[in-house]
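Contents: one structure, followed by commentary.
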Amino acid sequence: MNLAGRLTVSAFMHDPITMGGVLMMIVLGLGVVGALFYFKRWRWLWREWLTALDPKKIGVMYLGLASFMLLRGVADVMMIRVQQATSVGASHGIVSTDTFQQVFSAHGTIMIFFVAMGFMFGLINLIVPLQIGARDVAFPFLNSVSFWLYASGLALINLSLVIGSFSPAGWLAYPPLSELAYSPGVGVDYWIWSLQIAGLGSLLSGINFTVTILRMRAVGMSLMKMPIFVWSVLCAMALVIFAFPILTATLAMLALDRTLGMHFFTATGGGNPMMYVNLIWSWGHPEVYILMLPAFGIYSEIVATFARKRLFGYKSMVFALGAITVLSFIVWLHHFFTMGAGADVNAFFGIMTGVIAIPTGVKVFNWLFTMYRGRIKFATPMYWFLGFVFTFTIGGMTGVLMSVPAIDFQVHNTLFLVAHFHNMIIGGVLFGYFAGFSYWFPKMFGFKLNERLGRYAFWCWFVGFLVAFMPLYILGLMGATRRLDHYDASMGWQWLFIVAGVGVAIICAGIGFQLLQLAVSIWKRKANQDLTGDPWNGRTLEWSVASPAPVYNFAVLPVVSERDPFWEAKEANQAYGLAKYSDIVMPKNSGMGLIIAGFAFIFGFAVVWHIWWLVALALLGVIVSIVVRASDDDTEAIIPAAEVQRLEAAARARRQTA
């Protein structure tokens, strides 16, 4: 028996470009470790962050890892664009075909699962408990486990860059390409287990936040008095609960095909590859709205705040969110109109795809009506919103266009589809999370981001997006197939690929401005300090507490009687008042979530490389860790009333000096 399974020295051998990425990761990792030793911050890191159960700190860690993966995802897309711009005719570009397919697959996987999902759960952790008037989430320890499972999946997908290789089968790994006959290496296994581990974390988070919203709202906050962001999160988490088990089962069946010789999806063994396609998109299309709905909620909060008006059509916005939630489950087949399901099936799903555009359009008009005759302040979050309206409208129109099966037959599997998808994910999702990040940044850290650099970043992203993806629409209409690393020179397409590459470079400049904005803002944080806790003159409860928000969120749990409770309290001069404080019980920090996820990481790595003794050991470690945590009765800490009073008095003093 080989104790190392399939793992050999050759797994560490890579082409020069991949080795460059590996060395960069190693140098970065050593730099971080060296800095922690130099500044003697290991104990601080463990005590304050790695073991934290405070959802605000967990949210910050989500945002940090998602930002790191954004840099990785953008590096991948730069490689893709350089390859397509230079691999024409006799030239074959900078990477091999196999490396290109791995990079392509990694880019899609990273941006959806580890960038967009990371930003989403980061902002949800930071804001939802504050907006509903709660001190914590329903299951604090489960929240920690969810984050560390996400981090473990993230680590596993990055490890594939160092040991072995990644999947060349695309970001959704359709069989038969993802079966052993065509992908015999470890790449698809890395893809399966990184998503399986991170997906379990997402499912646990979905359950946690659903219970939090339904059971922990402030007294008086009925469902129809919840902020729209909370409504959007509730709908997204409902989708997570129903959709992610489909992903879990689908990945499990593909793993069984590859690991134990089963044939769920292998046609030669009696399986059905089309069953995989149906299952993966039964999860995949709700996933698009899992990402989009919280972004819609963010835009709703921002527009109402910066227009100085109540959100127009609150009830219609809620019903639109509900309609999107339901309809998102009956449009999945539009992703494969060309697969031979028949005209009647195609017609039904085409109609449903057109119908789902209606509630989305309702939201856009409501935002515009909210702005109408408002006293609009054009801060950075509003720039992201206005950029979203423009780009998302283009993406929505092209989506409705492709909902017509006859048109979809013409543009299917072309770069037109790639451009449409990025219209939704970048122009809709990422712009929304960037808007939310800049909007709630003072609440997280106690100071505002630099506005000028924020606007520079927005304009680079906005212009760069148009320059990068409008050429892809043109290329798609001309018949350019996606996923190809080489095109014939006679087609005359190279100049359009070069323009698209310039667009990616402009987006990279936008990321550079975002990093510079963060650095300058930290450097000059005293000048931009948020002393009031309410830098934007906000409407909802998160702005009623100090910035950064205390660990307990609210010294006294609020009682709500209006839809915009903090705004109404300010109008009645009752926003800030003295109160009688009492001891507050909060969960103790615990490192067990990190330990459980660490064993899950080892389990995933061991399955990938068929190290079966390590699989058993890791599984045992997970079980023992769960039992140890379940047996621990010392899980709560008390914040004395005197300490609460001291912190609240300090917050009042800062507010009075503002």
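Residue numbers run from 1 in the order of the sequence given. Computed from a predicted structure; not experimentally measured.
The two residues Ser167 and Val188 make their nearest non-hydrogen contact at OG-CG2, 3.6 Å. Of all heavy-atom pairs spanning Met19 and Phe12, the tightest one is SD-O, 4.2 Å. Nearest heavy-atom pair across Leu63 and Phe119 is CD2-CD2, 3.5 Å. Pairing each heavy atom of Val504 with each of Met78, the nearest pair is CG1-CG, 3.8 Å. Here the shortest heavy-atom pairing between Val615 and Ala606 reads CG2-CB, 3.4 Å. Of all heavy-atom pairs spanning Leu293 and Ala236, the tightest one is CD1-N, 4.0 Å.
Looking at heavy atoms from C-beta onward, Leu126 lies out of side-chain contact with Pro55 at the 4.5 angstrom threshold. Side-chain contact check for Phe601 versus Ile596: every heavy-atom pair is 4.5 Å or farther apart. Residues Val429 and Met424 fail the side-chain proximity criterion, which asks for heavy atoms closer than 4.5 Å. Contact of the Pro176 side chain with the Phe265 side chain is not registered, since no non-hydrogen atoms from C-beta on lie closer than 4.5 Å. Contact of the Ser590 side chain with the Arg629 side chain is registered, since non-hydrogen atoms from C-beta on lie closer than 4.5 Å. Considering only heavy atoms from C-beta on, Ser232 stays 4.5 Å or farther from Cys235 through its side chain. With a 4.5 Å cut-off on side-chain heavy atoms, Ile110 and Asp76 count as touching. At least one side-chain heavy atom of His610 sits less than 4.5 Å from a side-chain heavy atom of Trp612.
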Would you please test Val233 and Met120 for side-chain contact (heavy atoms from CB on, under 4.5 Å) and show each step?
CA-CA 9 Å; Val233 171; Met120 180 188 77; over 6 Å; no
Applying side-chain contact (heavy atoms from CB on, under 4.5 Å), run through His107 and Trp171 and close with a yes or a no.
CA-CA 8 Å; His107 169 71; Trp171 77 279; over 6 Å; no
Dump the intermediate steps for side chain to side chain donor-acceptor pair (under 3.5 Å) on Asn158 and Arg72, then the final yes or no.
CA-CA 9 Å; Asn158 280 294; Arg72 163 81 197 272; 2.8 Å; yes
Under the criterion side-chain contact (heavy atoms from CB on, under 4.5 Å), I'd like the reasoning laid out for Glu287 against Leu239: C-alpha separation, chi angles, the key distance, then a yes or no.
CA-CA 8 Å; Glu287 167 67 5; Leu239 289 176; over 6 Å; no
Full working for ring-ring contact (aromatic ring centres under 6.0 Å, His included) between Tyr433 and Phe437
CA-CA 6 Å; Tyr433 296 151; Phe437 179 77; over 10 Å; no
Test Trp283 against Phe242 for ring-ring contact (aromatic ring centres under 6.0 Å, His included), laying out the working first.
CA-CA 9 Å; Trp283 159 82; Phe242 283 103; over 10 Å; no
Apply the test side-chain contact (heavy atoms from CB on, under 4.5 Å) to residues Phe603 and Trp193: give CA-CA distance (whole Å), side-chain angles for both, the deciding distance (0.1 Å), then the verdict.
CA-CA 9 Å; Phe603 175 86; Trp193 290 104; 3.7 Å; yes
Checking side chain to side chain donor-acceptor pair (under 3.5 Å) for the pair Asp632/Thr635: CA distance, chi angles, key distance, verdict?
CA-CA 7 Å; Asp632 186 4; Thr635 60; over 6 Å; no
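Judged by distance alone, the side chains of Tyr190 and Trp609 do bring a donor and an acceptor atom under 3.5 Å apart. If you check the side chains of Thr268 and Thr266, you find no donor sitting under 3.5 Å from an acceptor. When only modelled atom types and interatomic distance are considered, Asn413 and Arg482 share a side-chain donor-acceptor pair under 3.5 Å. Checked by atom type, the side-chain pair Asp485/Ser87 shows no donor-acceptor distance below 3.5 Å. Between the side chains of Trp191 and Thr109, a donor-acceptor pair is found at a separation under 3.5 Å. Ser202 and Ser205 form no side-chain donor-acceptor contact under 3.5 Å, judged by distance and modelled atom types alone. Side-chain contact check for Asn125 and Lys57: no donor-acceptor pair (N or O, by modelled atom type) lies under 3.5 Å.
The residues Arg6 and Asp189 are annotated as salt-bridged, a charged nitrogen and a carboxylate oxygen being separated by less than 4.0 angstrom.
Rounding to the nearest 0.5 angstrom, the gap separating the CZ atom in Arg81 from the OG1 atom in Thr86 is 12.0 Å. For the atom pair NE2 of His412 and NE2 of His335, the computed distance is 11.0 Å after rounding to the nearest 0.5 Å. Atoms CG and CG, on Leu142 and Leu204 in that order, are 5.0 Å from each other to the nearest 0.5 Å. With rounding to the nearest 0.5 Å, the separation of CZ in Phe244 from CE in Met237 is 9.0 Å. Taken from CH2 in Trp49 to CD1 in Ile58, the straight-line distance is 10.5 Å, to the nearest 0.5 Å. The distance from atom CH2 of Trp332 to atom CG of Asn278, rounded to the nearest 0.5 Å, is 6.5 Å.
A cation-pi geometry, defined here as NZ or CZ lying under 6.0 Å from the six-membered ring centre and within 45° of its normal, does not hold between Arg483 and Phe104. Relative to the six-membered ring of Trp46, Arg43 misses at least one condition, a distance below 6.0 Å or an angle of at most 45° to the axis.
Counting only distance, with no hydrogens or angles, the side chain of Ser625 and the backbone of Gly621 share a donor-acceptor pair below 3.5 Å. Within the 3.5 Å criterion, the main-chain N or O of His486 finds no donor-acceptor partner in the side chain of Gln84. No donor-acceptor pair under 3.5 Å is formed between the side chain of Ser144 and the backbone N or O of Gly593. Under a 3.5 Å cut-off, the side chain of Gln83 and the backbone N or O of Ile94 do form a donor-acceptor pair. When atom types are taken as modelled, the side chain of Ser328 and the backbone of Thr325 share a donor-acceptor pair closer than 3.5 angstrom. Between the Thr250 side chain and the Ile246 main chain, a donor and an acceptor come within less than 3.5 Å of each other. Checking side-chain atoms of Ser105 against main-chain N and O of Gly170 turns up a donor-acceptor pair under 3.5 Å. The closest donor-acceptor contact from the side chain of Thr212 to the backbone of Val137 lies at 3.5 Å or more, if one exists at all. A donor-acceptor pair under 3.5 Å is absent between the side-chain atoms of Glu179 and the main chain of Arg258, judged by distance alone.
Remark: aromatic rings of Tyr150 and Tyr62 are close, center separation under 6.0 Å.
Under a cut-off of 6.0 angstrom, the local environment of CE in Met339 is crowded, with over 12 non-hydrogen atoms contributed by other residues, nucleotides or ligands.
In this structure, His285 and Tyr289 have tilted ring planes: the angle between them lies in the 30° to 60° band.
With sequence neighbours left out, Gln514 forms a side chain to side chain donor-acceptor pair (under 3.5 Å) with Trp461.
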